[in-house]
Amino acid sequence: MTEGPLLAHTREELSGLLADARISGRQVGLVPTMGALHEGHASLLRVARERVTDGPVVVSIFVNPLQFGPHEDLDRYPRTFEADLEICAREGADVVFAPAVEEVYPGWPAQPQVTIEPGPLASVLEGRTRPGHFRGVLIVVAKLFGLVRPDLAVFGEKDYQQLVLVRRMVDDLCLGVEVVGGETQREPDGLALSSRNRYLDEEQRREAVVLSGALRAAQQDAVRGADAAIGAARAALRTSHGVDLDYLVVRAPDLGDLPSDPPPGTEARVLVAAKLGSTRLIDNMPLTLGRRP
Ligand code: PAF
């Protein structure tokens, strides 16, 4: 039988569980999550487990209210704590930190007075339809970094803009945490794993595959440049009626603009967001411009 991870609900319990590792100078790894764990999270845990060989891997499970807009799915966000613990045990997590909201935001619903200004990247792409989202993400990630004090933290590439912004925060604020990106995990038909996939009905689930199909089409046509890649992805998306496209863009890997005439071999990222019914899905893939994938 797999021994389960140790549970901490409070800051004190967490620092008690990590005291030994700190005193003996062992590494600490962190996988921040909002629970509802699936194979995508499991793969992030495996990355952390592989990288942190001599110290504890902490998984945080906290549905962060600050990153949800007023009309978003905070109340119906899936909560599957017992099943989450099983995945954590199976993947060799040592500590699960599952705080109550007041533990993270003392005085809640009062919000922290000192916050993080995520800069211009937070108001484009996801940030355009979700104002305040990345500010909420960066506040909680900064808090988790302060509470866990990890050497290394693993974030999924699925939320690519989040990953770029967390890296940016760590660099700009000299937080000294190594941020590792974990590859997106997919269903056999290509749909990126997401806790929100469970909101899709049968027909939407069938249609959702068009997103990853469009990104793959972009990868194929990137040999002819970024515009051709976008054209191929758009053509693929047009084959579906149920998909309400929000954005489809090709950007530099740091989500900045591409050079106007990128030389062959330039690395880029294609990103898509769309709604199926009321469920918003995002996905992204790497591209190499001017070269076959
Ligand atoms: O990616 C997520 O699950 C969340 O945005 C994170 C990083 C755990 C912060 O709440």
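This chain uses plain numbering: 1 for the first residue, then up along the sequence. All ligand and atom numbering here is 1-based and tracks the order in the structure.
Judged by a 6.0 Å distance limit and a 45° cone about the ring axis, R76 is positioned over the six-membered ring of Y199.
Of the candidates D151, V52, D20, T53, R26 forms a side-chain contact (heavy atoms from CB on, under 4.5 Å) with just one, namely D20. Shown are L271, V270, L287, V210; of these, the side-chain contact (heavy atoms from CB on, under 4.5 Å) with L215 is made only by V270.
Shown in contact with P32 at under 4.0 Å from a heavy atom are these atoms of ligand 1, numbered in order with element: 8 (C). Which parts of ligand 1 touch V140 is read off a 4.0 Å heavy-atom cut-off, strictly below it: atoms 9 (C), 10 (O).
Aromatic ring centroids of Y77 and F68 lie under 6.0 Å apart.
Within the 4.0 Å heavy-atom criterion, the part of T33 lying near ligand 1 is the backbone and not the side chain.
Remark: minimum distance from atom 1 (O) of ligand 1 to any protein heavy atom is reached at Q162 NE2, 2.8 Å. With hydrogens left out, the protein atom closest to atom 9 (C) of ligand 1 is Q67 OE1, 3.3 Å, a heavy atom.
With salt bridges taken as basic N to acidic carboxylate O contacts below 4.0 Å, one links E72 and R130.
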